[in-house]
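Written below as structure tokens is the structure these notes are about.
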Amino acid sequence: MRKYLDIPLTLIVGLALTVAMLWPLDAPPPAPEGSDKLVHLIAFAALAFPLARTGRLGLLSVFIGASAFGGAIELIQPMFNRSADVNDWIADTVGVIIGIGCGLLYRRLRKR
């Protein structure tokens, strides 16, 4: 991943997450209990990773921005026939932390 692709990749992932999490559903898709939390965690780790990997915007900014994005999505989901769940937002935030951690690990391993 090149240094200047971090922002475009983050925007693409953010757009994909927005569409996926706001797409109106008649019923939740069949899935094992709690698996949606794992999906949230992975999705938000993918959102935070590119910016954390380059560090161009600062890790606190990445954390606050991505976590706020997850919270905003949860707040507006009821307008799209989806349910808001604070546990989804918690999974989003944990995913952001994991994405930042992976970005920092990548930077450290890359320097060697």
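All residue numbers refer to positions in the sequence shown, counting from 1.
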> Taking only residues two or more places apart in sequence or in another chain, which ones pass salt bridge (Lys or Arg N to Asp or Glu O under 4.0 Å) with Asp85?
Replying inline: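 For Asp85, the residues satisfying salt bridge (Lys or Arg N to Asp or Glu O under 4.0 Å) (neighbours in sequence not counted) are Lys37.
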Can you tell me how far [atom2] of [Y] sits from [atom1] of [X], rounded to the nearest 0.5 angstrom?
X	Y	atom1	atom2	answer
Leu9	Tyr4	CG	OH	15.0 Å
Leu41	Asp36	CG	CG	11.5 Å
His40	Ser35	NE2	OG	9.5 Å

> Quick one: salt bridge (Lys or Arg N to Asp or Glu O under 4.0 Å) pairs with a partner in residues 54-65, sequence neighbours left out?
Replying inline: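 Qualifying pairs: Asp6-Arg56.
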> Going by the salt bridge (Lys or Arg N to Asp or Glu O under 4.0 Å) test, which pairs reach into residues 67-79, not counting sequence neighbours?
Replying inline: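 Residue pairs with at least one partner in residues 67-79: there are none.
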> Can you list the residues that meet the side-chain contact (heavy atoms from CB on, under 4.5 Å) rule with Ser83, with sequence neighbours excluded?
Replying inline: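 Ser83 satisfies side-chain contact (heavy atoms from CB on, under 4.5 Å) with no other residue.
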> Is a side-chain N or O of Arg82 found less than 3.5 angstrom from the main chain of Trp23, in a donor-acceptor match?
Replying inline: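 Looks like yes, one N/O pair under 3.5 Å.
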> Under 3.5 Å, side chain of Asn81 to main-chain N/O of Leu25, donor-acceptor pair present?
Replying inline: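 Side chain of Asn81 to backbone of Leu25: a pair is present.
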> Considering all heavy atoms of both residues, which atom of Asp92 and which atom of Gly70 are nearest to each other, and what is their separation?
Replying inline: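 Answer, listing the atom of Asp92 first, then Gly70: OD2-CA, 3.5 Å.
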>> Using a 4.5 Å cut-off between side-chain heavy atoms of Ile, Leu, Val, Met, Phe, Trp and Tyr, which other residues end up in the same hydrophobic cluster as Ile100?
In response: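 Ile100 clusters with Ile7, Leu11, Val13, Leu17, Met21, Leu22, Phe44, Leu47, Leu51, Leu57, Leu59, Leu60, Val62, Phe63, Ile64, Phe69, Ile73, Ile76, Met79, Phe80, Val96, Ile97, Leu104.
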